[in-house]
**Student:** 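Please read through the structure below; I'll follow up with questions.
Order of the sequence lines sets the chain letters (A, B, ...), proteins ahead of strands, with each chain counted from 1.
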There are 2 protein chains.
Amino acid sequence: MAPDDALNATFAALADPTRRAILARLAQGEASVKQLAEPFAISAPAITKHLKVLERAGLITRGRDAQWRPCRLHAGPLRQVADWVEEYRRFWEQRLDRLEDYLRELQAQEQRHDPQS
Amino acid sequence: MAPDDALNATFAALADPTRRAILARLAQGEASVKQLAEPFAISAPAITKHLKVLERAGLITRGRDAQWRPCRLHAGPLRQVADWVEEYRRFWEQRLDRLEDYLRELQAQEQRHDPQS
DNA sequence: TGGTTAATTAACCAATTGGTAAATTAAAGG
DNA sequence: CCTTTAATTTACCAATTGGTTAATTAACCA
C-alpha cells in the first residue's frame, strides 16, 4: 500500500466513533466479535463490517480459536498519523502562544486602569 | 460541537489526500481558492466542496478580499487528534521493542552457530 | 456599462458507507 | 446426530461523498 493510501485508509477508519471505541476496547486486550459488539446497539454484521474496515487499514489483526475469531489491536499505522499531525503542532501551539500574549496584554492594561486591584 | 463529533469531522476531513494537500499548502500561508485549486486536476466547485468540509471541521477559516475568499489554516482541531493518537503510542512502541528483542535474539543465535563471524 | 475574474450554487451522477434481515458456514457439545 | 453459538455472506436500503457541467453572484476594471 502506498503511504498516501495507508493514511487515507487509517484516517477513514478512525472517522467512525464505533470503530474508535472498538480500538479502545482492544487496547485492554484481545476480544471476540460478540464481546466487541456487546456495548453497541447495532447488529453483528455491522460489527463485522467495521472490523473489515479496521483490518484493511491494518489497525487490527485476527486469529482463530474454535468458532471465535479474536481481534487484536495493531497500532502500527497510528505512527504515521502521529508523524503527520506532528508537522502541524507548531501551528496550534503558536496559536496558544498568541492567546497567552493577548491575555498578558489584557492583564497589563487592567493593571494600568485599576492599579490597586 | 460535542468532542466526539469534532473528532469524527476532523478524521473524516483528513481522510482525503486532496484535503491534506490543501492543508499542507496553507501551512505555507494564506491562499485563494484558485491558488489552492492550481495543483489539482479537478474543477473549482470540487475545491469549494473540499474547503467546506475543512471549514466544518474547523481546520480552516475564510476571509474576504474583494472577489477573493482567502483561506487560512486553523490547526486547533489537530490537537485533539494528537491527543487521541498519543493514547496508543505505547502499543506501537512496544511492537518495535519486541522487534528489537527478536533481532537481538536472532543475532545471538547467529553468534552461537557461527562464532568466528 | 459591459466584460473579465473569482467563487459559489444548483442539479445531477456513480460509488461508497453504515445499517438491516435472512441465509449460510463452522465448530462445540449434549 | 442434532442443537446451539459465533461469525460471515448475501442482498438490500437510504444517506453521504467526490466529482461533473451549467448557471449565478459579486467584485474589479477599462
**Student:** Is there a residue in residues 59-69 of chain A whose heavy atoms reach under 4.0 Å of DNA chain C, and which residues are they?
**Tutor:**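 DNA chain C contact set from residues 59-69 of chain A: A/Ala66, A/Gln67.
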**Student:** What residues from residues 29-44 of chain A pass a heavy-atom cutoff of under 4.0 Å to DNA chain D?
**Tutor:**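 The stretch gives A/Ser32, A/Val33, A/Lys34, A/Ala44 as the residues lying under 4.0 Å from the strand, ordered by number.
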**Student:** Taking any atom closer than 4.0 angstrom to a non-hydrogen atom of chain B, what span of DNA chain D does the protein reach, first nucleotide to last?
**Tutor:**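 Both ends considered, the range comes out as D/dG18 to D/dC28.
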**Student:** Looking at residues at least two apart in the chain, or sitting in another chain, which of them share a side-chain contact (heavy atoms from CB on, under 4.5 Å) with B/Val85?
**Tutor:**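 In terms of side-chain contact (heavy atoms from CB on, under 4.5 Å), with neighbours along the sequence ignored, B/Val85 is linked to A/Leu78, A/Val81, A/Ala82, B/Trp92.
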**Student:** What heavy-atom pair brings B/Leu36 and B/Arg25 nearest, and what distance separates the two atoms?
**Tutor:**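 Nearest pair, atom of B/Leu36 first, then B/Arg25: CD2-CG, 3.6 Å.
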**Student:** The criterion is side-chain contact (heavy atoms from CB on, under 4.5 Å); which residues satisfy it with B/Ala37, sequence neighbours excluded?
**Tutor:**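 Testing B/Ala37 for side-chain contact (heavy atoms from CB on, under 4.5 Å), a comparison that skips the adjacent residues, returns B/Ile47.
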**Student:** I need the B/Thr18 OG1 to B/Leu23 CG distance, nearest 0.5 Å.
**Tutor:**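 One finds 11.0 Å between OG1 of B/Thr18 and CG of B/Leu23.
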**Student:** Give the angle between the helix axes at the two ends of the helix from C/dT1-D/dA30 to C/dG30-D/dC1, taking five base pairs at each end and rounding to 10°.
**Tutor:**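 Taking the rotation axis at each end, their angle is 0°.
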**Student:** Going by heavy atoms closer than 4.0 Å, what residues in residues 15-27 of chain A are next to DNA chain C?
**Tutor:**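 Output list: A/Asp16, A/Arg19.
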**Student:** Can you find a heavy atom in the side chain of A/Arg62 that is under 4.5 Å from one in the side chain of A/Val33?
**Tutor:**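 In short, these two side chains touch, coming nearer than 4.5 Å.
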**Student:** Taking only residues two or more places apart in sequence, or in another chain, which ones meet B/Arg72 in a salt bridge (charged side-chain N to carboxylate O under 4.0 Å, His left out)?
**Tutor:**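 Expected list: B/Glu30.
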**Student:** What is the distance, rounded to the nearest whole Å, between atom CD1 of A/Ile47 and atom C1' of C/dG19?
**Tutor:**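 Atom-to-atom, A/Ile47 to C/dG19, this comes out as 11 Å.
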**Student:** Checking B/Glu86 now: which residues fulfil salt bridge (charged side-chain N to carboxylate O under 4.0 Å, His left out) with it, not counting sequence neighbours?
**Tutor:**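 If we apply the salt bridge (charged side-chain N to carboxylate O under 4.0 Å, His left out) test to B/Glu86, skipping adjacent residues, the hits are B/Arg89.
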**Student:** Heavy-atom count check: over 12 atoms from other residues, nucleotides or ligands less than 6.0 Å from B/Gln35 CD?
**Tutor:**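 Yes.
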**Student:** Is there side-chain contact between A/Asp83 and A/Arg79, with heavy atoms separated by less than 4.5 Å?
**Tutor:**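 Side-chain contact under 4.5 Å: yes.
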**Student:** Please list, chain by chain and in numerical order, all residues satisfying salt bridge (charged side-chain N to carboxylate O under 4.0 Å, His left out) with A/Arg20, sequence neighbours excluded.
**Tutor:**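 Checked A/Arg20 against salt bridge (charged side-chain N to carboxylate O under 4.0 Å, His left out); matches are B/Asp4.
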**Student:** Hey, could you give me each pair passing ring pair (Phe, Tyr, Trp, His ring centres under 6.0 Å) that has a residue in residues 30-72 of chain A? Not counting sequence neighbours.
**Tutor:**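 Sorted result for residues 30-72 of chain A: empty, none.
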**Student:** Nearest 0.5 Å please: distance from the CD atom of A/Glu55 over to the OG1 atom of A/Thr48.
**Tutor:**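 Between atom CD of A/Glu55 and atom OG1 of A/Thr48 there are 10.5 Å.
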**Student:** Look at the side chain of B/Tyr88 and the backbone N and O of A/His74, then say whether any donor-acceptor pair between them is shorter than 3.5 Å.
**Tutor:**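 Flag not set: sc B/Tyr88 to bb A/His74 has no pair under 3.5 Å.
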**Student:** Side-chain contact test, heavy atoms from C-beta onward, threshold under 4.5 Å: evaluate it for A/Leu59 versus A/Val53 and give yes or no.
**Tutor:**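 No, side chains not in contact.
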**Student:** Determine which pairs satisfy ring pair (Phe, Tyr, Trp, His ring centres under 6.0 Å) with at least one residue from residues 2-26 of chain B, sequence neighbours left out, and list them in order.
**Tutor:**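 Every ring pair (Phe, Tyr, Trp, His ring centres under 6.0 Å) pair that includes a residue of residues 2-26 of chain B, provided the two are not neighbours, is B/Phe11-B/Trp84.
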